[in-house]
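Please read these numbers as outputs of a predicted model, since none were measured by experiment. Protein chains get the first letters and strands the later ones, always in sequence-line order, with residue 1 at the start of each.
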Amino acid sequence: MREFDRLLITSALPYANGPLHIGHLAGAYLSADIYARFMRMMEKDVLFVCGSDENGAAITIRAKKDRVEPQKIVDTYHTLFKDTFEQMGLSFDVYHRTSSALHHETAQEFFMDLFKKGEFIEQESEQFFDATANQFLADRYVMGQCPNCDYEEAYGDQCENCGSSLNATDLIHPKSTISGNIPQLKKTTHWYLPLDKYESWLKEWINNGTVDGTELHRPEDWKNHVLGQCKSWIEGGLNPRSMTRDLNWGVDVPSEINGSEGKKLYVWLDAPIGYISATKKWAEENEKEWEPYWKDDKTKLVHFIGKDNIVFHCIIFPAILKAHGDYILPENVPANQFMNLEGRKISTSKNYAVWVHEYLKDFPDRQDELRYYMIKSMPEQKDSEFTWKGFQDANNNELVNNLANFVNRVIVLTNKYYDGIIPEFDMDMEFESAGEDGLPGFHDGELLALFDLLHELSDHIRAYNFREALKVVMAISSRGNQLLQFNEPWKLVKDEENEDKVKTIMNLACQHVAALRIACRPFLPFTSDKLSELLGLPAIEEKDEFLLMQDNLAEGFPIMEAGHKIGKAFHLFSRLDDKAIEGQLSKLKEMSFEDFKKPTANTSAKKETKSAVAFNDFTKLDIRTATILTAEKVKKADKLLKLELDLGTEKRTVVSGIAEHYSTDEVVGKQVSMITNLEPRKIRGVLSQGMILMAEDNEGKLCFVSPEKPWTNGASIR
RNA sequence: GGCGUGGUAGCUCAGCUGGUUAGAGCGCAGGAUUCAUAAUCCUGAGGUCGGGAGUUCAAGUCUCCCUCACGCUACCA
């Protein structure tokens with residue numbers, strides 16, 4: 001096992017085009033926070049960084065739609081993120097942003113370094129440029145004649161007829177699929193990172209955890225789904241990845257590089273360097289060095305992310321870091337899976353989510369309740385489920401009934417019997433152990449059992465098993481409850497000769513509360529503060545508290561001294577009634593319903609209108625009514641249906657990309673609109689003689705355009 | 001379609017390199033108890049381990065086929 005001097009913990013940078021929802025929290029933030037807080041309490045040198053990802057095309061699109069400047073969008077969400085994280089108790093040491101000057105400089109410097117080292121493959125290519133749309137065209141937005149088989153409608157990246165993969169510039173008679181115009185060739189330079197060149201070391205690193213024979217991590221410590229995904233990518237063969245794009249919102253490619261004009265760094269390079277610039281920001285503000293955290297191999301780098309980000313953090317970013325040469329590689333990337341909500345996928349675009357900032361408004365001062373339930377159902381190994389009923393149950397049955405109640409009984413009894421002074425204990429006093437071995441209990445033995453539980457907890461956290469770790473916190477509380485229940489101090493206290501026994505038991509019960517104050521800290525920081533107050537102790541600073549507690553217990557010393565005066569009792573958690581839960585459930589329904597109504601209003605604004613065409617051009621199209629007679633799935637294609645249609649005078653076969661929207665059964669018998677005079681085209685080996693007209697909404701959902709009432713087949717539409 | 005991960009009690013999930021009667025928490029049923037937010041504690045019921053075939057003395061755990069969910073990717077608009 002490697003020994004580390006310091007820990008650098010990162011959480012995925014949230015993208016600044018929508019608010020945070022519970023899935024974000026469960027995926028990459030709570031797990032990182034638990035890990036960071038715990039490690040701090042183990043006296044580790046921890047740096048926990050995060051920030052907003054504020055560059056990229058989606059933000060400009062969003063800005064255009066809202067008719068504001070992109071900066072306005074990112075400012076809004078950056079502020080919201082920062083605020084939400086802070087309120088939820090996320091303990092970032094720094095929360096930065098990629099629109100900052102510092103980030104731009106950092107990313108450019110990094111790019112420049114790779115450039116100078118000659119790591120990039122610089123490709124000045126002639127790429128098609130659509131003058132009407134004023135943009136470069138990605139290969140798949142260009143169509144033309146295939147140079148290999150002369151097929152007329154080949155795409156710029158691949159010809160579907162002969163299957164050969166192409167470059168758009170290979171096409172004969174190219175045209176833009178955006179405007180239909182003939183695109184012009186324009187020179188553009190992009191810089192590619194040759195991932196294929198790194199394949200052998202990446203393979204060694206992923207499979208064995210070694211680079212040049214030096215062990216950097218143990219692959220068996222990585223999660224299955226993370227390793228699986230990485231291996232799948234490497235086995236599939238790696239290709240050079242463009243590190244730049246023709247974009248207009250982001251970090252400029254350094255101007256000293258020829259051909260950099262109008263180019264921006266692509267997200268692969270931009271976003272992860274956000275971790276580095278955040279570290280620099282922290283160093284600046286705290287008068288510290290940033291470099292040891294990134295360049296010293298005594299640093300353990302851990303990325304907390306969601307499963308959609310695995311390849312990015314396990315292949316591409318490491319490749320970038322290694323190409324630079326000075327940087328360390330991540331020791332682990334404990335990616336979480338996804339959290340569903342009431343049986344459905346969470347969706348920002350469909351407005352189906354529990355938004356964290358709204359939760360904070362609806363349930364003020366209940367951050368830990370949400371944290372508890374999210375950790376309890378964290379998608380560590382597979383997708384998990386958030387239900388409001390589950391949230392209520394966890395709160396009422398576990399937090400209130402078990403944890404808060406145990407603490408309350410101890411505080412109340414200690415105040416009642418000893419005026420709030422923690423009583424002395426008698427080492428030799430025998431009582432009922434909370435353990436299951438049936439042997440009598442002694443004070444030191446019970447402390448040792450507590451030590452064991454805490455040890456178990458720390459093992460789970462180190463292995464990124466946060467759900468299990470959280471269970472141990474509850475186990476401490478349960479053990480405390482057992483201790484009271486088995487010994488019934490409220491009965492013993494009635495007889496004076498039991499005085500020492502009651503004192504010993506109550507002292508021990510207080511030790512359990514004191515242990516909870518520290519043990520719950522990584523998960524429930526607000527509760528930890530409340531426990532400090534109840535116990536009359538200062539709030540935990542997260543310096544070395546867990547370690548000290550463990551050391552004390554191992555030596556047989558109690559966590560809190562007898563004679564200490566504790567505080568007055570109050571409730572840690574309170575019940576959630578059905579009303580609050582039902583309110584949230586109906587809110588969810590309304591949200592998704594409103595969204596259902598919305599597209600009509602939105603779509604027209606969002607979709608750009610096309611330029612005017614001559615009436616003659618329109619009449620060139622022969623659009624007719626037709627009824628679908630049969631439908632079957634096209635093999636080896638998820639989205640295609642092969643349809644047979646009745647056009648009145650003839651039957652036609654059409655291949656249509658609607659399989660994800662309609663089943664073969666529901667499609668048969670439908671009357672639809674169809675363009676009949678498109679040149680026939682072979683798709684997946686089937687000749688398609690026409691095209692079905694579909695209406696598409698904001699989210700890409702499709703529906704047929706059908707006559708308002710049953711009509712003659714083959715009727716002309718105009 | 002390809003690749004990857006997962007499908008274990010009503011619910012949420014553990015089960016490492018195959019080995020005695022498959023585990024936990026919550027829920028449920030019965031009992032004990034009253035210091036405590038009618039909380040707690042004890043006991044119990046509940047599973048043909050997605051389906052099928054195979055390897056083995058022995059499979060939730062290995063192999064193959066099928067199926068469902070999710071992710072990446074391809075194909076389509």
Side-chain angles (χ1 to χ4, degrees), chain A residues 140 155 157-158 160 163 165 177 220 223-236 306-312 335 337-340 345 373 376-387 389-390 393-394 396-417 432 434 436 460 465 467-468 470-471 474-475 477-478 480-493 502 506 509 569-575 633-641 655-661 683-684 688 691-696 700-702:
Chain A
R140 66 192 163 110
Y155 279 90
D157 51 353
Q158 193 178 17
E160 278 138 23
S165 59
T177 61
E220 60 268 33
K223 295 190 185 188
N224 274 343
H225 66 272
V226 174
L227 278 179
Q229 175 107 214
C230 293
K231 287 179 181 170
S232 159
W233 258 68
I234 293 175
E235 291 308 316
K307 66 171 156 182
D308 51 336
N309 252 331
I310 290 172
V311 172
F312 192 102
Q337 307 242 19
F338 287 163
M339 176 172 264
N340 293 318
K345 280 203 261 190
Y373 181 57
K376 179 184 159 69
S377 44
M378 189 176 272
E380 290 176 331
Q381 307 295 344
K382 53 186 164 190
D383 289 357
S384 70
E385 186 86 24
F386 180 104
T387 63
K389 181 80 173 78
D393 282 347
N396 293 355
N397 301 327
E398 297 172 43
L399 290 177
V400 177
N401 291 355
N402 192 329
L403 180 61
N405 186 236
F406 165 64
V407 171
N408 189 241
R409 339 171 50 181
V410 175
I411 304 295
V412 166
L413 285 179
T414 305
N415 274 298
K416 193 186 276 186
Y417 297 160
E432 289 292 321
E436 280 169 7
H460 285 312
N465 295 327
R467 301 167 65 126
E468 281 301 313
L470 184 65
K471 278 189 191 173
M474 294 311 293
S477 173
S478 284
N481 271 321
Q482 287 170 326
L483 184 75
L484 295 179
Q485 208 61 37
F486 292 164
N487 292 289
E488 302 182 305
W490 49 90
K491 274 186 184 167
L492 296 179
V493 80
V502 177
M506 287 312 299
F570 61 84
H571 292 158
L572 284 177
F573 299 102
S574 57
R575 298 180 170 287
K633 290 221 37 153
V634 176
K635 281 177 197 162
K636 297 190 178 187
D638 289 354
K639 300 188 181 175
L640 300 182
L641 287 187
V655 177
S656 184
I658 56 172
E660 286 182 340
H661 307 275
I683 300 171
R684 285 274 141 181
S688 179
M691 180 174 135
I692 311 285
L693 295 184
M694 305 297 296
E696 182 178 10
K701 277 189 271 187
L702 298 179

Expressed in angstrom and rounded to an integer, what is the separation of F386(A) atom CZ from C70(B) atom C1'?
20 Å
Closest nucleotide among U12(B), A77(B), C72(B) to the M691(A) side chain
A77(B)
Checking contacts here: which listed nucleotide (G25(B), U37(B), G71(B)) is nearest the side-chain heavy atoms of F338(A)?
G71(B)
Which base, if any, makes a Watson-Crick or G-U wobble pair with U48(B), both distances under 3.5 Å?
none
Of F573(A) and N340(A), the one whose closest RNA chain B nucleotide lies more 5'
F573(A)
Rounded off to whole Å, could you give me the CG-to-C1' distance for the L403(A) and G25(B) pair?
15 Å
Return the value, rounded to whole Å, for the distance between atom NZ of K223(A) and atom P of C72(B).
17 Å
Return the pairing partner of A24(B) with a 3.5 Å limit on both distances, Watson-Crick or G-U wobble; otherwise return none.
U12(B)
K491(A) NZ to C35(B) P, straight-line distance once rounded to whole Å:
10 Å
What nucleic acid atoms does K389(A) come within less than 4.0 Å of, heavy atoms only: base, sugar-phosphate, or nothing?
nothing
Is any side-chain heavy atom of F338(A) closer than 4.5 Å to a side-chain heavy atom of D308(A)?
yes
Checking K307(A) against Q337(A) for the side-chain hydrogen bond (donor to acceptor under 3.5 Å, both in side chains) test, could you report, in this order, the C-alpha distance in whole Å, the side-chain angles of both residues, the deciding distance, and whether it holds?
CA-CA 5 Å; K307(A) 66 171 156 182; Q337(A) 307 242 19; 2.9 Å; yes
Side chain to side chain, L572(A) and F406(A), heavy atoms closer than 4.5 Å
no
Pairing check on U61(B): which nucleotide meets the Watson-Crick or G-U wobble criteria with it, both distances under 3.5 Å?
none
Check every atom of U5(B), C3(B), C72(B) against the side chain of S232(A) and return the nucleotide holding the closest atom.
C3(B)
Is L572(A) touching bases, backbone alone, or none of the nucleic acid, heavy atoms closer than 4.0 Å?
base
Look at all strands and tell whether K345(A) reaches a base, only sugar-phosphate, or nothing, counting heavy atoms closer than 4.0 Å.
sugar-phosphate
Consider the side chain of Q485(A), meaning its heavy atoms from C-beta on, and name the nucleotide among C35(B), A77(B), U5(B) that approaches it most closely.
C35(B)
Starting from P on A14(B), measure out to CD on E380(A) and report it in whole angstrom.
8 Å
For the C1' atoms, the ones on C16(B) and on A59(B), what distance do you get once it is rounded to whole angstrom?
15 Å
Given C72(B), U5(B), A77(B), which nucleotide is nearest the side-chain atoms of H225(A)?
U5(B)
Distance check, C1' atoms only: A74(B) and G6(B), in whole angstrom units.
22 Å
Could you work out which one of C41(B), U33(B), A14(B) sits closest to the side chain of K382(A)?
A14(B)
Please work out if S384(A) contacts a base, only the sugar-phosphate, or nothing of the nucleic acid, heavy-atom cut-off 4.0 Å.
sugar-phosphate
What is the base-pairing partner of A29(B), counting Watson-Crick and G-U wobble geometry with both distances under 3.5 Å?
U43(B)
Using heavy-atom distances to pick each residue's nearest nucleotide on RNA chain B, tell me which of D383(A) and A404(A) is more 5'.
A404(A)
Base, sugar-phosphate, or nothing: which does E235(A) touch, judged by heavy atoms less than 4.0 Å apart?
nothing
Is a salt bridge present between K345(A) and D383(A), judged by a nitrogen-to-oxygen distance below 4.0 Å?
no
Under 4.0 Å, counting only non-hydrogen atoms across every strand here, what does V400(A) touch: a base, just sugar-phosphate, or nothing?
base
Could you work out the separation of U73(B) and A24(B) based on their C1' atoms and round it to a whole Å?
38 Å
For atom P, what is the distance between G10(B) and G1(B), given to the nearest Å?
32 Å
Classified by glycosidic angle (syn within 90° of 0, else anti), G10(B) comes out anti
Could you tell me whether Q381(A) contacts a base, only the sugar-phosphate backbone, or nothing, with contacts defined as non-hydrogen atoms closer than 4.0 Å?
sugar-phosphate
Rounded to whole Å, CG of L693(A) lies from C1' of A77(B) at a distance of 12 Å
Please pick, from C13(B), A36(B), C41(B), the nucleotide with the shortest atom-to-atom distance to any side-chain atom of R467(A).
C13(B)
In Watson-Crick or G-U wobble terms, with both distances under 3.5 Å, the base opposite A77(B) is none
The Watson-Crick or G-U wobble partner of C70(B), with both key distances under 3.5 Å, is G4(B)
Need one value for E398(A): base, sugar-phosphate or nothing, where a base atom within 4.0 Å counts as base even if backbone is also close, heavy atoms only.
sugar-phosphate
Quick one: is G6(B) close enough that its OP1 or OP2 comes under 4.0 Å of any side-chain N or O from N224(A)?
yes
Can you tell me which nucleotide in U40(B), C41(B), C72(B) comes closest to the side chain of R409(A)?
U40(B)
Nucleotide opposite G18(B) in a Watson-Crick or G-U pair, distances under 3.5 Å
none
Between A29(B) and U67(B), how far apart are the P atoms? Round to whole Å, please.
41 Å
Could you work out the separation of C66(B) and U21(B) based on their C1' atoms and round it to a whole Å?
32 Å
With rounding to whole Å, what would you report as the distance between G52(B) and U48(B) at their P atoms?
12 Å
Measuring from N408(A):CG to L403(A):CG, what's the distance to the nearest 0.5 Å?
11.0 Å
Nucleotide U12(B), atom P - distance to CG of N397(A) in whole Å
16 Å
Whole Å only: how far is the CG atom of L413(A) from the P atom of U33(B)?
19 Å
Closest to the side chain of F486(A), out of A77(B), U5(B), C42(B), is C42(B)
Are any non-hydrogen side-chain atoms of L484(A) and V410(A) less than 4.5 angstrom apart?
yes
Would you mind reporting whether Q381(A) and N224(A) have side-chain heavy atoms less than 4.5 Å apart?
no
N401(A) side chain reached by R575(A) side chain, heavy atoms, under 4.5 Å
yes
For a quick check of understanding: with a heavy-atom distance under 4.0 Å over all strands, which category does K231(A) fall into, base, sugar-phosphate or nothing?
nothing
What distance, rounded to whole Å, do you find between the two P atoms, one in G7(B) and one in A14(B)?
8 Å
Worked verdict on R409(A) versus Q485(A) for side-chain hydrogen bond (donor to acceptor under 3.5 Å, both in side chains)
CA-CA 11 Å; R409(A) 339 171 50 181; Q485(A) 208 61 37; 3.0 Å; yes
